Amino acid sequence: MERIVAGMSGGVDSSVAALLLKQQGYDVVGVFMKNWDEKDEDGVCTSTADWEDVQDVCHTIGIPCYSVNFEKEYMDRVFSRFLDEYKKGRTPNPDVLCNREIKFKAFLEFAEKLGAEKISTGHFVRTEMRESRPVLLRGADTNKDQSYFLYMLKERQLAKAVFPVGGMLKSQVRAMARDAGLSVSGKKDSTGICFIGERNFRAFLQNYLPAMPGDMRTEAGETVGRHIGLAYYTLGQRKGLGIGGRGDGRSWFVLQKDLKNNILIVGQGEDHPSLYSNRIEASEATWIAGAAPMPEGVPFRCTAKFRYRQPDQQVSILQSGDTLFIEADEPQRAVTPGQSAVFYQGDRCLGGAIVDTAIPIREKR
RNA sequence: UGGGGUAUCGCCAAGCGGUAAGGCACGGGACUUUGACUCCCGCAUCGUAGGUUCAAAUCCUGCUACCCCAG
């Protein structure tokens with residue numbers, strides 16, 4: 001009987017994933033990962049509660065369960081880079097790294113040591129063999145598709161993974177959990193950084209990044225406020241600026257970071273022109289198939305997402321050396337350095353790259 | 001010091017005798033496995049002390065503060 005190690009977070013999705021595998025006759029072993037040790041703002045250690053949920057669910061399903069600790073790996077391979085990026089004034093996405101380095105690497109290796117052929121997670125994505133090679137497809141529930149977070153995986157990682165709920169709708173997953181009597185069937189979807197959880201983001205960052213106050217200025221150079229450190233803001237952000245009543249009365253948004261002078265450039269209006277770009281330069285391109293879908297220097301038409309859950313955007317991409325040039329058909333709002341651009345061809349996720357620069361539209365030449 | 005003006009929520013700002021618009025900020029919630037965006041809800045008795053009136057943020061008087069002009 002084939003053994004599968006089910007990664008279980010204590011949430012509905014991974015629980016139902018394990019349940020489905022069990023029903024399909026696999027030798028399922030549930031494993032809970034603890035990768036972060038800290039209480040939340042209320043002094044509650046959510047991972048303890050989640051671990052209890054996992055034990056509960058495993059008991060109901062009738063599978064053994066274990067817990068494994070990757071705190072060190074998470075800190076070394078994910079969180080340290082996360083902080084480095086912030087220190088550079090960028091806005092990283094820790095979860096794409098977490099998937100590549102932890103869930104589909106450290107955890108996968110651990111599962112193999114347990115004698116498992118494969119691992120499962122509760123991600124809403126599908127895989128399929130095409131020409132005897134695994135491809136990553138969007139989840140069937142277009143509203144919950146999580147392929148964006150898995151673009152850094154490679155074929156050999158995909159080949160070792162199963163995503164039992166990828167073909168289902170979220171509503172079906174919940175219904176199945178309820179019918180099976182899983183205690184977590186009504187549990188709220190978790191959000192926030194994976195393993196760290198939902199928290200006051202600014203306060204959280206303040207534990208790791210030094211304050212470096214400076215001016216907030218308009219593009220014209222007028223000082224309109226103070227910031228507590230450029231790292232605490234991201235492009236297109238509105239909340240937290242604390243500027244009210246100035247100018248034409250509209251809301252203020254972060255337009256740019258001037259790291260050299262420690263100045264946050266802000267402007268009014270959700271649709272401020274400086275927030276829009278259609279030419280983006282990215283690097284660290286990774287392709288699930290191992291190589292880009294097009295030769296170097298040749299443009300390629302596909303769709304892209306510049307943030308999770310963004311509707312597909314029509315783009316042309318062109319690789320030149322280490323740089324990936326992206327040209328979007330439509331203007332894109334607040335494309336942010338450090339964030340990921342993920343590429344698709346139909347339902348298939350091809351890979352992605354990390355944004356370095358978004359060139360404002362009005363600088364077109 | 002003399003003359004004039006203004007004082008309404010943290011900020012901007014309606015109101016002109018009939019019982020406090022709106023925007024921004026902020027707080028809460030929804031959405032969301034990153035960060036954001038978005039959406040919904042909440043949020044003042046009118047500088048102060050008196051007076052007139054059935055009724056005052058709205059009229060009158062004193063006080064206080066700030067602004068402008070003058071010299």
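As the structure is a prediction and not an experimental result, all values here were calculated from the model. Within every chain, numbering begins at 1; the chains are lettered A, B, ... in the order of the sequence lines, protein sequences first and strands thereafter.
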Across all strands, who's sitting opposite B:rA55 as a Watson-Crick or G-U wobble pair, both distances under 3.5 Å?
none
Distance check needed: B:rC24 P versus A:Met216 CE, whole Å only.
17 Å
Contacts of type side chain to side chain contact (heavy atoms under 4.5 Å, CB included), residue A:Glu284, not counting sequence neighbours:
A:Ile354
When rounded to whole Å, the CD to P distance for the pair A:Gln332 and B:rC37 reads 18 Å
Take atom C1' in B:rG42 and the same atom in B:rG4, then report the distance between them in whole Å.
42 Å
Within this structure, what is the CZ-to-P distance between A:Phe79 and B:rG35, rounded to whole angstrom?
12 Å
Using residues 322-329 of chain A as the side-chain source, report each donor-acceptor pair under 3.5 Å to any protein atom, sequence neighbours left out, with the distance given to one decimal.
| residue | atom | partner | partner atom | Å |
| --- | --- | --- | --- | --- |
| A:Asp329 | OD1 | A:Arg301 | NH1 | 3.0 |
| A:Asp329 | OD2 | A:Arg301 | NH2 | 2.7 |

Would you sort out whether A:Thr303 and A:Gln313 count as a side-chain hydrogen bond (donor to acceptor under 3.5 Å, both in side chains), showing the intermediate values?
CA-CA 5 Å; A:Thr303 64; A:Gln313 303 297 306; over 6 Å; no
Under a 3.5 Å cut-off for both contacts, is B:rU38 paired Watson-Crick or G-U wobble with anything, and if yes, with which nucleotide?
B:rA30
Nearest-nucleotide pick for A:Thr191, side chain only, options being B:rG35, B:rU32, B:rC37
B:rU32
Work out how far the C1' atom of B:rC12 is from that of B:rG2, and round it to whole angstrom.
34 Å
Would you mind classifying the nucleic acid contact of A:Tyr86 as base, sugar-phosphate or nothing, using non-hydrogen atoms under 4.0 angstrom?
sugar-phosphate
Side chain of A:Phe201 (C-beta onward), nearest among B:rU38, B:rC31, B:rA36:
B:rA36
Could you tell me how far apart A:Gln256 (CD) and B:rA36 (C1') are, to the nearest whole angstrom?
17 Å
Does A:Asp347 pair with A:Arg138 as a salt bridge, N-O distance under 4.0 Å?
yes
Atom pairs under 3.5 Å: protein N/O with N/O of nucleotides 10-13 of chain B:
| residue | atom | partner | partner atom | Å |
| --- | --- | --- | --- | --- |
| B:rC11 | O2' | A:Gly244 | O | 3.3 |
| B:rC11 | O2 | A:Gly245 | N | 3.4 |
| B:rC12 | O4' | A:Gly245 | O | 3.3 |

Can you sort out the partners of A:Tyr308 under ring-ring contact (aromatic ring centres under 6.0 Å, His included), two or more places apart, ordered by chain and number?
A:Phe149
Value in whole Å for how far the C1' atom of B:rG35 lies from CD1 of A:Ile354
14 Å
Starting from C1' on B:rG35, measure out to CZ on A:Phe82 and report it in whole angstrom.
8 Å
A:Asn200 has an atom CG; how far is it from atom C1' of B:rC26, in whole Å?
14 Å
For B:rA25, take OP1 and OP2 only and decide whether either is under 4.0 Å from a side-chain N or O of A:Ser251.
yes
For the side chain of A:Arg307 and the base of B:rG35, is some donor closer than 3.5 Å to an acceptor across the two?
yes
To the nearest Å, give me how far apart CZ (A:Arg250) and P (B:rA25) are.
12 Å
For A:Ser251 and A:Gln268, does a side-chain donor sit closer than 3.5 Å to a side-chain acceptor?
no
Which pairs of donor and acceptor atoms, one on a side chain in residues 19-33 of chain A, lie under 3.5 Å apart (sequence neighbours left out)?
| residue | atom | partner | partner atom | Å |
| --- | --- | --- | --- | --- |
| A:Asp27 | OD2 | A:Arg3 | NE | 2.8 |
| A:Asp27 | OD2 | A:Arg3 | NH2 | 3.3 |

Could you check which nucleotide pairs with B:rA65 in any of the strands shown, counting Watson-Crick or G-U wobble with both distances under 3.5 Å?
B:rU6
Within residues 230-241 of chain A: residues closer than 4.0 Å to RNA chain B (heavy atoms):
A:Thr234, A:Leu235, A:Gly236, A:Gln237, A:Arg238, A:Lys239, A:Gly240, A:Leu241
How far, in whole Å, is B:rU58 from B:rA20 if one measures between their P atoms?
14 Å
Tell me whether A:Asp76 is salt-bridged to A:Lys72, with the criterion being a basic N under 4.0 Å from an acidic carboxylate O.
yes
So what's B:rC16 paired with, Watson-Crick or G-U wobble, going by both distances under 3.5 Å?
none
Under the rule for ring-ring contact (aromatic ring centres under 6.0 Å, His included), what residues qualify as partners of A:Tyr208, not counting sequence neighbours?
A:Phe79, A:Phe204
Does a distance-only test, which skips hydrogens and angles, find a donor-acceptor pair under 3.5 Å between the side chain of A:Glu270 and the base of B:rU38?
no
Strand-adjacent residues in residues 90-109 of chain A, judged by heavy atoms under 4.0 Å from RNA chain B:
A:Thr91, A:Pro92, A:Asn93, A:Pro94, A:Asp95, A:Asn99, A:Lys103
Using the C1' atom as the point on both nucleotides, what is the distance between B:rU19 and B:rC31, in whole Å?
40 Å
Can you list the residues that meet the side chain to side chain donor-acceptor pair (under 3.5 Å) rule with A:Thr127, with sequence neighbours excluded?
none
Which part of the nucleic acid, if any, lies within contact of A:Thr336, taking any heavy atom under 4.0 Å across all strands shown: a base, the sugar-phosphate backbone alone, or nothing?
base
With C1' as the reference atom in both, quote the distance from B:rA49 to B:rA7 in angstrom, rounded to an integer.
15 Å
Among pairs that include at least one residue of residues 142-157 of chain A, which meet side chain to side chain donor-acceptor pair (under 3.5 Å), considering only residues two or more places apart or in two chains?
A:Arg133-A:Glu155, A:Asn143-A:Arg309, A:Lys144-A:Asp189, A:Asp145-A:Ser147, A:Ser147-A:Tyr344, A:Tyr151-A:Ser340
Just to verify, what does A:Leu205 make a side chain to side chain contact (heavy atoms under 4.5 Å, CB included) with, not counting sequence neighbours?
A:Phe82, A:Tyr86, A:Phe201, A:Leu209, A:Tyr232
If you measure from the C1' atom in B:rG15 to the same atom in B:rG22, how many Å do you get, rounded?
12 Å
Verify the distance criterion only: is there a donor paired with an acceptor across the side chains of A:Thr336 and A:Thr91 at less than 3.5 Å?
no
With sequence neighbours excluded, tell me which residues meet side chain to side chain donor-acceptor pair (under 3.5 Å) with A:Arg348.
none
Regarding B:rC37, purine or pyrimidine glycosidic angle vs 90° from 0 gives syn
Strand partner of B:rU1, provided both Watson-Crick or wobble distances fall under 3.5 Å
B:rA70
Which whole number of Å gives the distance between the P atom of B:rG23 and that of B:rG17?
26 Å
Assuming nearest nucleotide by heavy-atom distance, tell me which of A:Phe253 and A:Lys188 is located more 5' along RNA chain B.
A:Lys188
P atoms of B:rC39 and B:rA44, separation to the nearest Å
22 Å
Taking for each residue the nucleotide of RNA chain B bearing the nearest heavy atom, is the 5' side occupied by A:Trp252 or by A:Arg202?
A:Trp252
